[in-house]
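Written below as structure tokens is the structure these notes are about.
Per chain, numbering begins at 1; letters A, B, ... match sequence-line order. Side chains included, hydrogens not; waters and symmetry mates left out as well; all remaining heavy atoms used.
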Number of protein chains: 2
Amino acid sequence: MYSIGDLSRRTGVKIPTIRYYEQMGLIEAPERSEGNQRRYEKRELERLAFIRHARDLGLSIEAIRDLLALSEHPERPCGEADRIATEHLAAVREKIARLRKLEVELERIVACHGDHTIGDCYVIRALADHSMCESEH
Amino acid sequence: MYSIGDLSRRTGVKIPTIRYYEQMGLIEAPERSEGNQRRYEKRELERLAFIRHARDLGLSIEAIRDLLALSEHPERPCGEADRIATEHLAAVREKIARLRKLEVELERIVACHGDHTIGDCYVIRALADHSMCESEH
DNA sequence: CCTCATATCTATAGTCGCTGGAGTGTTTAG
DNA sequence: CTAAACACTCCAGCGACTATAGATATGAGG
Ligand SMILES: [Zn+2]
Ligand SMILES: [Zn+2]
Ligand SMILES: [Zn+2]
Ligand SMILES: [Zn+2]
């Protein structure tokens, strides 16, 4: 039997976040002590660790909810789980691509260094005028 | 004299967003028509284009507020503007680095494809156990 | 058993940067 | 003059937490 604090310490998930996950339906409402405090079993510790890891990998709450539901049925085919992970990977790649474009533009923009005034500042001028950029973003 | 709709069309910033920027102090409250509708000058069109471009480059509202304030003083040195841009570039690079790590892990995780069940699914097992990962994230 | 520090409870509001809707009033072209 | 298009304010919602406030519970030492 773990208290919410035990769970928090063991998984690194903050206490309000655990309660939030309960509200969001990722964790079932656990049993309560006589004084109405949450008491967890090992199952829920593992479930929370799963959630934590999936969040660290950037999966959305919704995706995690689906994955948890799938994991309750070990005999079913896993196409759906693979699809969720594959789609997430694609989303991560898109984000990287977008950020790389920003990186390129920002590098050009901050390349102006030295002693000068706001009036001459390339940063300010570049922000005022997208046509100075080399790509869309 | 532009209406809020003109401004929106010319900058690509949605009308509620323009009002939001006014609330956030990025744009001064403009003059109003007799019927209480916003009426903008060219100055504000340029200011909004600046904001839009800075947002497209990922700068925060707060950073943009500072940059706009700086741009009112063309005679001052531009160290602060350069600093804001440089810090933002660093933040973008950090995000990219983080996402690249996720990309690597996710690639490994989704590499399991084929005919199998949830019980054997590498996606599910990898999410349940961070020690199967090659890096921290 | 009592006290007290610590832990936990609920409910609510705030974060960021918008976005959308309801319900009402204004402007403009025909 | 009418009707369409436009704009107004206020408020709620997104996602994934995080942080308060004020009340109650738990557990260890005396
Ligand atoms: Zn400069
Ligand atoms: Zn640009
Ligand atoms: Zn699989
Ligand atoms: Zn991992």
Inset, instruction - With a 4.0 angstrom cut-off to heavy atoms of chain B, pull out the first and last contacting nucleotide of DNA chain C, in 5'-to-3' order. - result: C:dG17 to C:dT27
Inset, instruction - Decide whether A:Ser3 and A:Gln37 meet the rule of one side-chain donor and one side-chain acceptor closer than 3.5 Å. - result: no
Legend entry - Protein proximity profile, nucleotides 6-15 of chain D - base contact B, sugar-phosphate-only contact S, no contact -, cut-off 4.0 Å on heavy atoms: -SSB------
Inset, instruction - Could you say whether B:Thr17 or B:Ser33 is positioned toward the 5' end of DNA chain C, judged by the nucleotide with the nearest heavy atom to each? - result: B:Thr17
Under 3.5 Å, which donor-acceptor pairs link side chains of residues 69-77 of chain B to any protein atom two or more places apart or in another chain?
{"from": "B:Ser71", "atom 1": "OG", "to": "B:Leu68", "atom 2": "O", "distance (Å)": "2.8"}
{"from": "B:Glu72", "atom 1": "OE2", "to": "B:Arg47", "atom 2": "NH1", "distance (Å)": "3.1"}

Inset, instruction - Grab the CD1-C1' distance between A:Ile18 and D:dC17 for me, whole Å please. - result: 13 Å
Inset, instruction - Kindly say if A:Tyr21 contacts the phosphate of D:dC17, meaning a side-chain N or O under 4.0 Å from OP1 or OP2. - result: yes
Inset, instruction - Name all pairs fulfilling the ring-ring contact (aromatic ring centres under 6.0 Å, His included) condition that reach into residues 1-33 of chain B, sequence neighbours left out, sorted by first residue then second. - result: none
Inset, instruction - Could you note down all residue pairs passing ring-ring contact (aromatic ring centres under 6.0 Å, His included) where residues 115-137 of chain A supplies at least one of them, sequence neighbours left out? - result: A:His130-A:His137, A:His130-B:His53, A:His137-B:His53
Inset, instruction - Only pairs at least two apart or in different chains count here, so list each salt bridge (Lys or Arg N to Asp or Glu O under 4.0 Å) that has a residue in residues 30-42 of chain A. - result: A:Glu22-A:Arg38
Inset, instruction - Return the set of residues passing salt bridge (charged side-chain N to carboxylate O under 4.0 Å, His left out) with A:Glu136 (not counting sequence neighbours), or none when no residue passes. - result: none
Would you list the atom pairs, donor with acceptor, under 3.5 Å between side chains in residues 10-18 of chain B and any protein atom, with sequence neighbours excluded?
{"from": "B:Thr11", "atom 1": "OG1", "to": "B:Leu7", "atom 2": "O", "distance (Å)": "2.8"}
{"from": "B:Thr11", "atom 1": "OG1", "to": "B:Val13", "atom 2": "N", "distance (Å)": "3.2"}

Legend entry - For A:Ala63, all residues meeting side chain to side chain contact (heavy atoms under 4.5 Å, CB included), sequence neighbours excluded: A:Leu59, A:Ser60, A:Ile84
